[in-house]
Amino acid sequence: MQTPDHEDFFHYKRQIAQKFDRAALTYDAYADFQRLVLDRLICHLPSLPSARTDIVLDVGAGTGQALPRLARLLSPRLSIALDLSSLMLTKASTNLAKQGGDHSFSFVCADAEALPFADNSIDVIFSSLAMQWCLNPSMLFSELYRVTKPGGYLVFSTLCEGSMPEIEASWKGVDQVPHINQYPSFDALLEQVSHCHWQTHAAELVTVPMWFESPESAIHSLKKVGASLVVSTQKNQMSPSKWKVFIKQYEQLRESAGIPLRYQVAFVVLQKPVLNGE
């Protein structure tokens, strides 16, 4: 993906925030795929003594599904939920208030590519299925590296090349407009990480299949969690006739378990090297 100019960058970020703002109230009811990935990513958390975990940051926290488990497993003094969507953070705050507990949470509406935190201030950064919305991987991983303490960890999942092939295949022949975002290959992702000086502790690429009753419900599942945005400078005018052709094409991909929607998900654990003398 080419990095857009300054104006396009901020326009894109506004679009992202608006999409997830609209999905804040429906996200939890439709986030089955997101929960599956979150459950697997939680298992990748490093075992750390509580004395080493002062501050935990959840980047792209959404409605806060990961926060209670991060607090329980890592016992930080402070858990920070960061998201581009203010309404997602409002929902996260409401969800956490209902659960109670004595953990301290902070909510920050900001961009992961321009973090409002001091250098070397975060012990563990956690991020599940948020990084694919960032436009400049070098800027992203450099920012995350900057705010992580030496010896601290970045644990994340993100989508890779080959995700949602059913949607891409179904649109072929209908029009020439992109209908899914372009994601990096797994190898390209790991290369981006290495350029930013992280040490890789674990990395795996996993196919995660989801199944739906109909093509409409598959697309509906994306829209209700705010994931329907495509990075494109073109205006995609969707006519009813095009939509019907797409649905017909997608229906032809039905399998015994239902309508498939497969994702290629990277699960990665990184550590910031400890400097000499620390």
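Sorted by first and then second residue, the side chain to side chain donor-acceptor pair (under 3.5 Å) pairs involving residues 155-164 (not counting sequence neighbours) are S128-S157, Q132-T158. For residues 59-115, no residue pair satisfies the ring pair (Phe, Tyr, Trp, His ring centres under 6.0 Å) rule, not counting sequence neighbours.
Side-chain contact of S217 with S214: a donor-acceptor pair under 3.5 Å is present, judged by distance alone. For the residue pair T53 / D123, no side-chain donor-acceptor distance below 3.5 Å is found, with atom types taken as modelled.
Note that K224 lies outside the cation-pi zone of Y27, set by a 6.0 Å cut-off to the ring centre and a 45° limit from the axis.
Taking CD of E251 as the start and CG of L253 as the end, the distance is 9.0 Å to the nearest 0.5 Å.
Within the 4.5 Å cutoff, side-chain heavy atoms of Q65 are placed close to those of D28.
Look at D21 and K91 and you find no salt bridge, because none of the NZ, NE, NH1 or NH2 atoms lies under 4.0 Å from a carboxylate O. Ion pairing between R254 and E213 fails under the 4.0 Å rule for side-chain N and carboxylate O.
Ring to ring, W133 and Y12 are not that close: their centroids are 6.0 angstrom or more apart.
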query: After noting the C-alpha distance and the side-chain angles of E255 and R262, does the key distance pass the salt bridge (Lys or Arg N to Asp or Glu O under 4.0 Å) rule?
result: CA-CA 12 Å; E255 300 177 12; R262 293 180 174 86; 2.9 Å; yes
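By the 30° and 60° cut-offs, the orientation of the rings of Y153 relative to H201 is perpendicular.
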